[in-house]
Structures are given as C-alpha cells and as structure tokens.
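The first residue of the sequence shown is numbered 1, and numbering continues consecutively from there.
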Amino acid sequence: MLTDKIREKQKGILLYGITPPKINHSDEEIKEIAKKHIERISNLDVDGLVLYDIQDESDRTDEKRPFPFIKTLDPCRYSHDYLQELKIPRIVYRAVGNYTTQTFKKWLEFTKQNQVHSVFVGAASHEQKNPLTLKDAYALKREVNNNLCLGGITIPERHTKKGDEHLRIFSKIDESCEYFITQCIYDLEAAKIFLTDYAKYAKEHSYEMVPIILTLTPCGSTKTLEFMKWLGINIPNYLEEELKESGNILQDSVKLSKDIFKELYQFGTKKGIPIGCNIESVAIRKAEIEASVELLNEIKEIMKEN
C-alpha cells in the first residue's frame, strides 16, 4: 500500500500524474475522457495516481501565458465520481486558496471515509489574497483528520536562488507532511545541490528523511517547452537549445528525463534519501501520452536495477 511505503520511508515509490478534464466539457465528454484514463492507468504498475488541482498562475509572472487558462474539474470529484473502477490509491492535490475554512473542513471529513492521500498547494504568488492559507490548511488537517497521509510541494530550482528549500521541507515536516513531490525536473545540478543540503541538514539535526518524489514530464513541442518555462520550470539554456534543435523533441525529452532520473536515483541512494518518481501525463496529444507511458516503464527498470 502507498501509505505504508510512505510511512516506512521506502525508496522507489512510483506515481502517475494526470489533470482532470476541463469544466467546459459535457458530462458525456467527461465520461469518455475518464474511460480512456481508466483503460490506460489500469495497465500501469504504479503505487498511486496523482490528480492535480489547477490554479491560474498569471499573478506569478508578467509573461503572457502560452496557453489560455481553463478551469478543470475538481480532482476529488473527478476521482470519486468518474474513476471508481480504478483500484489504486489516489493523491489529490488541493490548491488551498480555492477554499474557505468550512468547505475545506467538509472535504477533510470526506477524506476520513475515502482514504485519499493529499498534497496541499499554497498561493501561486504573494499577490493572491486567499481566504485560506497553507498554514491554516495544515492546522485544519490536524484538527479534522490528522491521519490523512499528507505531502508537500518542493521546487529544487528555487534552492539555487534562495538556498532554503531544504528548510522549507523540514518546516513542512513539522506541520505533518510525510513526503514531497517536486516540480518537474530538467535541471540536474539544481536537484543535486538541493538533495545534498536536504541530506546534510537531516544528518546534522537528527531528522529522518521522508520520500522525495521527483516529477518528470515528456515535452512534445517547442510551445510546450515555452509553457513549461512559463510555469517556472528551469530548463538550462544548453538543454533548451538541444531540444529546440532536436529532430524528435519528444523522444529526446524522454531520454533526457530518464538519464536525469537515473543519476538522481543513484545519487539519492548513496545519501540515504528515499527517492521516488512521478511521471506527469498532462498533454492531450496521443504521442505525448504514449511517451509518458514509455518513460514510466523506463523508470521502473531503473528502480529495479538500482
């Protein structure tokens, strides 16, 4: 079980991440999308399914969004109402600023009976004025359902700028986070620096290290590449140019992601960090979806060999 693997701080946790359908779909269209999700995910040997709670991040940057923002179905509702056939654990993201204290409490009550796992996500920027903060959400979790297996977000690239990402992690562990899922990783060096400081601080302050689940995302076009950069994913200049000049950007991004993960998995193992992997499949193009499954199978082999 996913909960046991997390709480036993095992390495090799493997997740598959999807975005719920857009709310402008009809119920019949949502059912058709769900059917395809069920068919694909049923054939994957993973520990859990991640469902994202998308928020508009336009306040975070002055850059124009490459793709228009369209609200998606609530991930918990999509999981519960449309994906019942899937018999794997769920990790439901909660963008806490979308909720009031009462609506968040109601959802936490729901988690008692439905045994979902969750990741709480704070505001995309300091400009957003939300009724519920991340700190409020942690307090409500402890009050209403302290047994909820809770994770947090970590952004290794942020560590190269601020140098305190490992401190954010230990602060969230104190707030009852039991694992962390990273933003998509293309910057190998930034991830290594972050993991080094995470392991060093844990050793110096007698902390147990919780699982760090590295997110990988295949990139199928230069427009997707621009969108990833807009989201704040750091892609080193030399890699960006390599991908742009590639004859097959999708396959090259899969190989790149596989190589990055293999190096970080071995690096983390040497330092005693329980490393896992989350393969995102957020595109709608068939080729990109197939690439995400290919990457997942490659990652599975790396985990078996190491």
Hey, can you tell me if His166 and His159 have their rings parallel, tilted or perpendicular (30° and 60° cut-offs)?
-> perpendicular
Is atom CD of Glu208 surrounded by more than 12 heavy atoms (other residues, nucleotides or ligands) closer than 6.0 Å?
-> no
Decide, yes or no, whether a salt bridge links Glu165 with Arg168 under the criterion of side-chain N to carboxylate O below 4.0 Å.
-> yes
To the nearest 0.5 Å, atom CZ of Arg142 lies from atom CG of Leu108 at 11.5 Å
Separation of Ile155 CD1 from Cys184 SG (nearest 0.5 Å) | 11.5 Å
Between Ile88, Asp47, Asn278, Ile279, which is the residue that forms a side chain to side chain contact (heavy atoms under 4.5 Å, CB included) with Tyr16?
-> Ile279
Counting only N and O atoms by type, is there a donor-acceptor contact under 3.5 Å from the side chain of Thr215 to the main-chain atoms of Gln183?
-> no
Please determine if Lys192 forms a cation-pi arrangement with Phe267, meaning its NZ or CZ atom is less than 6.0 Å from the six-membered ring centre and no more than 45° off the ring axis.
-> yes
Can you check whether Thr111 reaches Ser118 side chain to side chain, under 4.5 Å on heavy atoms?
-> no
Do Tyr78 and Val92 have side chains that get closer than 4.5 Å, going by heavy atoms?
-> no
Ignoring hydrogens and geometry, is there a side-chain-to-backbone donor-acceptor pair from Ser42 to Ile38 under 3.5 Å?
-> yes
Does a donor on one side chain and an acceptor on the other come within less than 3.5 Å for Tyr52 and Thr72?
-> no
Would you name the heavy atoms of Leu14 and Lys300 that are closest together and state the gap between them?
-> CD2-CE, 3.9 Å
Verify the distance criterion only: is there a donor paired with an acceptor across the side chains of Tyr179 and His117 at less than 3.5 Å?
-> no
Should we count CD of Gln266 as having more than 12 external heavy atoms under 6.0 Å?
-> yes
Is there a side-chain contact between Met209 and Pro274 (heavy atoms, below 4.5 Å)?
-> yes
Please assess Asp252 against Leu256 for the test side-chain contact (heavy atoms from CB on, under 4.5 Å), listing each intermediate value before the final yes or no.
-> CA-CA 6 Å; Asp252 283 354; Leu256 179 64; over 6 Å; no
With a 4.5 Å heavy-atom cut-off, do Gln102 and Lys106 have their side chains touching?
-> no
Please test Val210 against Tyr198 for side-chain contact (heavy atoms from CB on, under 4.5 Å), starting from the C-alpha separation and ending with a verdict.
-> CA-CA 10 Å; Val210 302; Tyr198 173 57; 3.6 Å; yes
Check: Lys112 side chain, Val144 main-chain N or O, donor-acceptor pair, under 3.5 Å = yes
Report the distance from atom CG of Asp45 to atom CG of Leu296, rounding to the nearest 0.5 Å.
-> 8.5 Å
Should we count NZ of Lys35 as having more than 12 external heavy atoms under 6.0 Å?
-> no
Hey, any chance Ile249 and Ile260 share a hydrophobic cluster, counting ILVMFWY side chains that come within less than 4.5 Å of each other, even indirectly?
-> yes
Determine the minimum heavy-atom distance between Leu44 and Arg40, stating which atoms define it.
-> CG-O, 3.5 Å
For Ser253 and Leu250, indicate whether the former's side chain and the latter's backbone hold a donor-acceptor pair under 3.5 Å.
-> yes
Working to the nearest 0.5 Å, report the span between CG of Leu214 and CD1 of Ile13.
-> 11.5 Å
Shared hydrophobic cluster, Ile273 / Leu167 (ILVMFWY, side-chain heavy atoms < 4.5 Å) | yes
Side-chain contact, heavy-atom cut-off 4.5 Å: Glu226 with Glu240?
-> yes
Any side-chain heavy-atom pair from Asp74 and Trp107 closer than 4.5 angstrom?
-> no
Would the Phe170 and His205 ring centres measure less than 6.0 Å apart?
-> no
Is it true that Phe104 and Phe120 have ring centroids separated by less than 6.0 Å?
-> yes
Lys200 and Lys203: side-chain contact (heavy atoms from CB on, under 4.5 Å), yes or no, with the steps?
-> CA-CA 5 Å; Lys200 182 182 176 186; Lys203 184 177 180 181; 5.9 Å; no
Is there a path of hydrophobic side-chain contacts, each under 4.5 Å between heavy atoms of I, L, V, M, F, W or Y residues, that connects Met1 with Met303?
-> no
Take Leu264 and Ile275, measure what side-chain contact (heavy atoms from CB on, under 4.5 Å) needs, and give me the verdict at the end.
-> CA-CA 8 Å; Leu264 290 177; Ile275 298 287; 5.7 Å; no
Side-chain donor/acceptor of Glu298 to backbone N/O of Lys258, under 3.5 Å | no
Using the rule that two of Ile, Leu, Val, Met, Phe, Trp, Tyr join whenever any of their side-chain heavy atoms come within less than 4.5 Å, decide whether Tyr186 and Ile193 are in one cluster.
-> no
Please report the closest heavy-atom contact between Glu178 and Ile6, naming both atoms and the distance.
-> O-CG2, 3.6 Å
Between Leu132 and Thr100, which heavy-atom pair has the shortest distance, and what is it?
-> CD2-O, 4.3 Å
Could you give the distance from CD (Glu288) to OG1 (Thr217), rounded to the nearest 0.5 Å?
-> 10.5 Å
Which heavy-atom pair separates Leu216 from Cys277 by the least distance, and what is that distance?
-> CD1-SG, 3.6 Å
Around Glu241, counting heavy atoms of other residues, nucleotides and ligands shown, do more than 12 lie under 6.0 Å from its CD?
-> yes
Between atom OH of Tyr207 and atom CG of Asp174, what is the distance when rounded to the nearest 0.5 Å?
-> 3.5 Å
Should Leu295 and Phe261 count as side-chain neighbours, where that means a heavy-atom distance under 4.5 Å?
-> no
In short, Glu29 meets Asn24 closest at the heavy-atom pair OE1-O, 4.5 Å
How about Ile169 and Tyr201: do any of their side-chain heavy atoms sit closer than 4.5 Å?
-> no
